[in-house]
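Since the structure comes first, as structure tokens, the remarks are kept for the end.
The figures that follow rest on heavy atoms only: side chains count, while hydrogens, waters and symmetry mates do not.
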Amino acid sequence: MSRPYRFGVNLTISASADEWNAKCRRAEELGYDVIQVPDHLGMVAPFPALVAAARATERPRLGTFVLNAGFWNPALLAREVATTDALTGGRLELGLGTGYVQAEHDAAGLPFGSPGERVGHLRRTVEELERLLGDEEYLPRPAQKSGVPLLIGGNGDRMLELTARHADIAAFTGGRTVRGSTTGQLAPITAEELDERVARYREFAADREEPAELNLLIQMVVVTEDRAAAVRPLLEHVPHLTADRLLELPIFLAGTLEQITAQVRAQRERYGFTYLTVLEPYMEAFAPVMRALRGA
């Protein structure tokens with residue numbers, strides 16, 4: 001049986017306490033299942049933001065989407081995870097990634113390293129978190145007795161293998177870092193390339209007892225009668241793609257409510273995505289799509 005849909009919103013815009021509480025409550029009112037925060041310099045600090053979100057809401061789970069493992073010492077991160085899970089009443093979902101913005105590491109005075117080094121640090125972080133949080137003598141204790149669910153985000157082979165081995169949720173970005181960029185510039189991958197990446201993950205995960213939940217980060221949601229006009233401003237950033245090819249990308253949802261819901265259902269059939277995350281600017285636009293998809 002297919003998993004039910006889950007929907008997350010990644011809150012990326014800093015706010016005062018009152019404003020933060022209000023938009024978390026609004027996310028809950030709209031029906032989002034998970035309130036998430038990123039881990040970038042210039043944005044909110046993840047763990048205090050999630051504790052505040054928990055105080056403002058009752059139902060949504062709370063997730064890091066995703067922590068840059070290069071910013072964190074594993075032992076200190078374990079303490080943050082356990083404390084945050086306890087203070088949020090067991091609502092935490094831990095999302096981890098390697099980090100991809102070299103300029104942020106430079107600003108923080110932290111080494112960036114090669115892709116292999118970053119994946120290696122993430123692997124050690126995941127293994128140390130499992131060791132520490134799995135020890136019943138470890139303090140502080142997280143609230144979730146079965147463990148804090150782990151999401152890992154990334155598309156490369158080493159990341160997909162790590163995800164298949166350790167993660168409850170496999171998150172796909174639908175993009176790749178532009179070679180030579182130090183600011184984290186991303187270029188979208190094609191629908192066919194995403195097919196190949198998901199298939200590769202399934203190879204690594206073939207012997208799992210429990211299949212992971214598959215997540216996709218949606219970059220844009222525009223409810224409109226004119227799909228081509230919605231993506232036209234993006235064409236200058238992806239000159240190798242036509243408007244029609246851009247509209248095929250799973251990370252862009254544009255069209256009427258009926259067209260978008262049909263696209264999401266088709267992507268579930270094609271890739272297996274049942275957990276979708278949208279960025280904060282599209283929180284309101286995606287709400288009617290969620291309503292249409294509930295129970296589908």
Side-chain angles (χ1 to χ4, degrees), residues 2-13 23 26-36 38 60 63 65 151 153 155 169-176 178 185-199 201 213-296:
S2 177
R3 290 177 180 269
Y5 282 114
R6 286 206 305 155
F7 304 107
V9 58
N10 200 17
L11 300 182
T12 58
I13 302 170
K23 67 181 175 181
R26 181 57 178 161
E28 182 173 36
E29 290 169 1
L30 290 172
Y32 283 94
D33 300 290
V34 191
I35 293 172
Q36 301 160 323
F65 197 84
L151 174 153
N155 289 354
I169 305 160
F172 293 81
T173 64
R176 64 167 61 88
V178 174
Q185 181 183 358
L186 298 174
I189 63 175
T190 67
E192 293 77 16
E193 287 172 320
L194 186 55
D195 274 325
E196 188 274 332
R197 290 291 82 199
V198 173
Y201 166 77
E213 189 175 28
L214 301 190
N215 169 277
L216 180 67
L217 174 59
I218 303 296
Q219 294 288 334
M220 185 185 77
V221 183
V222 181
V223 179
T224 177
E225 297 284 341
D226 190 343
R227 299 182 76 219
V231 298
R232 197 169 295 132
L234 303 175
L235 290 174
E236 63 181 277
H237 303 292
V238 283
H240 60 292
L241 295 178
T242 64
D244 287 342
R245 289 291 284 168
L246 197 58
L247 287 166
E248 292 176 0
L249 299 179
I251 59 176
F252 297 130
L253 301 178
T256 64
L257 177 60
E258 292 75 18
Q259 286 173 321
I260 292 175
T261 54
Q263 180 180 348
V264 172
R265 290 190 179 109
Q267 290 173 184
R268 178 173 66 178
E269 293 301 315
R270 180 172 180 174
Y271 304 105
F273 297 128
T274 58
Y275 180 7
L276 301 180
T277 294
V278 299
L279 298 172
E280 181 176 349
Y282 304 106
M283 180 171 75
E284 296 285 343
F286 192 66
V289 180
M290 288 194 300
R291 290 194 292 270
L293 290 166
R294 292 291 185 192

Could you check whether any side-chain N or O of E193 sits under 3.5 Å from a backbone N or O of T190, counting only pairs where one atom can act as donor and the other as acceptor? yes

Candidate pair F65 and L151, rule side chain to side chain contact (heavy atoms under 4.5 Å, CB included), full reasoning: CA-CA 8 Å; F65 197 84; L151 174 153; 3.9 Å; yes

How many angstroms lie between atom OG1 of T274 and atom CG of L293, to the nearest 0.5 angstrom? 11.5 Å

E248 side, atom CD; L241 side, atom CG - distance, nearest 0.5 Å: 9.0 Å

Taking only residues two or more places apart in sequence, or in another chain, which ones meet E196 in a salt bridge (Lys or Arg N to Asp or Glu O under 4.0 Å)? none

Minimum heavy-atom separation for Y32 to A287, with atom names? OH-N, 4.1 Å

So does N155 get a backbone contact from the side chain of R197, meaning a donor-acceptor N/O pair under 3.5 Å? yes

Using side chain to side chain contact (heavy atoms under 4.5 Å, CB included) as the criterion, point out the one residue from V9, L30, V278 that pairs with E284. L30

Quick one: list whatever passes side chain to side chain donor-acceptor pair (under 3.5 Å) with E269, sequence neighbours left out. none

Flag for Q263-Q267: side-chain donor and acceptor within less than 3.5 Å: yes

Any chance you could lay out the side chain to side chain contact (heavy atoms under 4.5 Å, CB included) test for V34 and F7, step after step, and finish with the verdict? CA-CA 6 Å; V34 191; F7 304 107; over 6 Å; no

Euclidean distance, I189 CD1 relative to I251 CD1, rounded to 0.5 Å: 8.0 Å

Can you list the steps and then say if F286 with L253 is a side chain to side chain contact (heavy atoms under 4.5 Å, CB included)? CA-CA 9 Å; F286 192 66; L253 301 178; 3.8 Å; yes

Minimum heavy-atom distance between A254 and I260, given as atom pair plus value: C-CG1, 3.9 Å

Indicate the atoms forming the closest heavy-atom contact of L235 with A243, along with that distance. CD2-N, 3.7 Å

Could you give the side-chain donor-acceptor pairs of residues 215-225 under 3.5 Å, partners two or more places apart or in another chain?
from : atom 1 : to   : atom 2 : distance (Å)
N215 : ND2    : Y275 : O      : 3.3
N215 : ND2    : T277 : OG1    : 3.1
T224 : OG1    : D226 : N      : 3.0

Is R294 paired with D33 through a side-chain N to carboxylate O contact shorter than 4.0 Å? yes

So, the side chain of K23 versus the backbone of L11: is there a donor-acceptor pair under 3.5 Å, distance only? no

What's the verdict on side chain to side chain contact (heavy atoms under 4.5 Å, CB included) for M290 and Y5, showing C-alpha distance, side-chain angles and the deciding distance? CA-CA 9 Å; M290 288 194 300; Y5 282 114; over 6 Å; no

Shortest non-hydrogen contact between R268 and R3, atoms and distance: NH1-O, 4.1 Å

Residues that R232 engages under salt bridge (Lys or Arg N to Asp or Glu O under 4.0 Å), provided they are two or more places apart: none

How would you list, by chain and number, every residue that makes a salt bridge (Lys or Arg N to Asp or Glu O under 4.0 Å) with E28, sequence neighbours excluded? none

With rounding to the nearest 0.5 angstrom, report the CG to CD distance, N10 to Q36. 5.5 Å

The salt bridge (Lys or Arg N to Asp or Glu O under 4.0 Å) partners of R6 (sequence neighbours excluded) come to E93, E213

Measure from the side-chain N and O atoms of Y271 to the backbone N and O of A191, and report whether any donor-acceptor pair falls under 3.5 Å. yes

Minimal heavy-atom distance between L214 and G272, with the atoms involved, is CB-O, 3.6 Å

